[in-house]
Amino acid sequence: MKLVSYNIQYGTGQDGVYNLDRIIASLVGADIIMLQEVERHWERTNHDDQVSRIAAAFPDYYSAFGGYCDLDGSFRDETGKLVQRRRQHGTMILSRVPLLSLRTFLLPGTAVVSPQFSLQRGLQEALVEWEGRRIRLYNTHLNHICPELQAPQIERVMEIINDAPASGLAWSGGDPKNGNWGVGGELAVPEDVILTGDMNLCHFDPGYSDFVGPKSRWYGRVGTRRHLMDSWTLTGHTEEEGDSCPPYGRLDYCFVSPSLSKAVTASKIDTENKSSDHYPYWVDFDFTKLGA
C-alpha cells in the first residue's frame, strides 16, 4: 500500500502560481491520499470547489472532506437570487478502498489577537480494510503559531486515537429493530492506526515527544503502547534528517501504531515537487511482513 500525505497550500506552488492540476498530477499512484489545506470557494483560488475537482480527478477513489474552518461564502446572482455556499478550509482523504466509517472532530482552538491569525483545526478519522486488514486512518493539520497552542490539540488527537475502542466508531452496538438502520452490524475498532498530517512541529519540539514518546538521555526515544511511531525513523532516517517545508524543517509526518511498525518499508520526501510550499511525503507499507 502506497500512502502520500501532502499539505497542498490550496494549490499554490513555490512559484506563487495557483495550479491545482499539477497537485492532482503529483498524487497519481497513491493508494491512500491524505491532504491538508484543501478549500472551497475562496477568492485566492478563483472560488474553486477544490474538493469536487480533486474527487473528480480520482473517480474510482472514495473520498471525504473535513471543512473545519467554515465561513459564509454566499452571494446573490445577477437576478438577485441567493446562492448559498460555504467558504471552507480543511483536510481530505481519498482511498482506493471504501471508507467504512467516518468521524470528524474539531480540535481545541485559542483566539489570537491581530496581526497573527488562527483558524479552526480538526481531525478526520476513516476506517478502511486493505487486503483483509482493517486500519484506522487519521488526518490533521495542527496550529502553526507555537507549541503552547498546539499542546491541547495534540492531547485531543491522542485521546481520540487511544479512546476509540471505548468511544466506538460511527456505529456501535446492535440493530434492535432488525435492520431498520441497515448498517450491517457493529464496526470493530482495530488496533492498527496511521496518523498523517502537517503537524507544524519539528523533532526537537515538545509535541513530537507527545506523539512518539519521551527521549531518554541514556536510551534514546522511548516508545510506549499509548504512543505512535515515526515512519521516517522506522525506515532508517534519523529524527534530525529531512526538510518537508523549507526552511522550517520536517513538519509533515506519518505516524503508525506499534502494531504496524514492521509493515513500513520505505519513506520519501519528494523534494522535486514544487507544487506547494510543502513537499509530499510518501510511505510504503507491506502488510505481509506482519504475518498472519
Side-chain angles (χ1 to χ4, degrees), residues 5-7 9-10 34-39 64-71 88-93 101-127 136-170 189 193-216 221-232 239 244-245 248-258 278 281:
S5 179
Y6 195 8
N7 179 333
Q9 194 187 219
Y10 39 87
M34 312 285 264
L35 303 178
Q36 304 87 44
E37 292 202 25
V38 181
E39 62 187 34
F65 174 63
Y68 317 111
C69 180
D70 192 330
L71 305 164
Q88 298 173 315
H89 183 93
T91 60
M92 187 174 184
I93 298 175
S101 169
L102 286 170
R103 292 193 298 169
T104 304
F105 303 88
L106 298 180
L107 299 180
T110 302
V112 300
V113 177
S114 182
Q116 190 47 264
F117 76 93
S118 183
L119 66 157
Q120 178 64 58
R121 308 285 181 164
L123 176 73
Q124 282 182 291
E125 175 195 77
L127 176 68
R136 284 183 281 148
L137 303 177
Y138 293 90
N139 189 22
T140 193
H141 182 194
L142 298 182
N143 184 281
H144 64 289
I145 300 175
C146 63
E148 290 78 8
L149 298 186
Q150 287 178 350
Q153 296 179 349
I154 297 172
E155 180 180 10
R156 180 62 179 137
V157 167
M158 294 304 293
E159 178 184 55
I160 290 166
I161 291 173
N162 287 322
D163 288 355
S167 64
L169 301 180
V189 181
V193 166
I194 299 173
L195 166 65
T196 68
D198 173 6
M199 305 306 177
N200 274 313
L201 56 82
C202 293
H203 67 93
F204 50 77
D205 287 313
Y208 184 78
S209 294
D210 292 337
F211 281 122
V212 301
K215 192 167 188 178
S216 165
R221 187 65 60 186
V222 180
T224 78
R225 289 294 175 182
R226 290 191 63 82
H227 288 93
L228 302 173
M229 303 181 78
D230 188 345
S231 60
W232 183 249
E239 293 179 1
S244 65
C245 185
Y248 302 106
R250 189 165 64 96
L251 306 183
D252 301 88
Y253 296 88
C254 173
F255 297 122
V256 303
S257 56
H278 288 248
Y281 178 49

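Numbers here are sequence positions counted from 1.
- Side-chain polar atoms of N143 and Q150 form no donor-acceptor pair below 3.5 angstrom.
- In this structure, CD on E159 lies 9.0 Å from OG on S167, to the nearest 0.5 angstrom.
- Side chains of R250 and D230 form a contact here, defined as non-hydrogen atoms less than 4.5 Å apart.
- Contact detail for P152 and P108: the closest heavy-atom pair is O-CG, 3.7 Å.
- Contact check for I194 versus C254: side-chain heavy atoms found under the 4.5 Å cut-off.
- Remark: the R221 side chain and the S209 side chain contain an N/O donor-acceptor pair separated by less than 3.5 Å.
- We find the CD-SG distance between E39 and C69 to be 9.5 Å, quoted to the nearest 0.5 Å.
- Below 30°, between 30° and 60°, or above 60°: for Y208 and H203 the angle between ring planes is above 60°, a perpendicular geometry.
- Between Q120 and H89, the closest side-chain pair of non-hydrogen atoms is not below 4.5 Å.
- Between D210 and M158, the closest side-chain pair of non-hydrogen atoms is not below 4.5 Å.
- With contacts defined as side-chain heavy-atom distances shorter than 4.5 Å, the pair L107/Y68 does not qualify.
- Closest approach of P147 to D205, counting heavy atoms only: CG-OD1, 4.3 Å.
- In this structure, CD1 in I145 is found 8.5 Å from OG1 in T110, a value given to the nearest 0.5 Å.
- Contact detail for S5 and G197: the closest heavy-atom pair is OG-N, 3.5 Å.
- The two residues P258 and R225 have their closest heavy-atom pair at CB-NH1, 3.5 Å.
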side-chain contact (heavy atoms from CB on, under 4.5 Å) between L201 and I154, intermediate numbers included: CA-CA 11 Å; L201 56 82; I154 297 172; 3.8 Å; yes
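- Contact between A164 and V189 at its shortest, heavy atoms only, is O-CG2, 3.7 Å.
- The closest donor-acceptor contact from the side chain of N139 to the backbone of M34 lies at 3.5 Å or more, if one exists at all.
- Shown are Q153, R121, Q36; of these, the side chain to side chain donor-acceptor pair (under 3.5 Å) with H141 is made only by R121.
- Side-chain contact between T196 and Y281 is absent, with no heavy-atom pair separated by less than 4.5 Å.
- F211 CZ to L142 CG: the interatomic distance, rounded to the nearest 0.5 Å, is 5.0 Å.
- When I160, T91, D198, L195 are each tested for a side-chain contact (heavy atoms from CB on, under 4.5 Å) with T140, only one passes: L195.
- Interatomic distance, OH of Y10 versus CD of E37, reported as 6.5 Å (0.5 Å rounding).
- Ring-centre distance between F117 and H144: below the 6.0 Å cut-off.
- In this structure, OG1 in T104 is found 5.5 Å from CD in Q124, a value given to the nearest 0.5 Å.
- At distances below 3.5 Å, at least one donor-acceptor pair connects side-chain atoms of S244 with backbone N or O atoms of L251.
- Between H227 and T224, the shortest heavy-atom contact is ND1-OG1, 2.5 Å.
- A side-chain donor from one of E125 and Y138 sits under 3.5 Å from a side-chain acceptor of the other.
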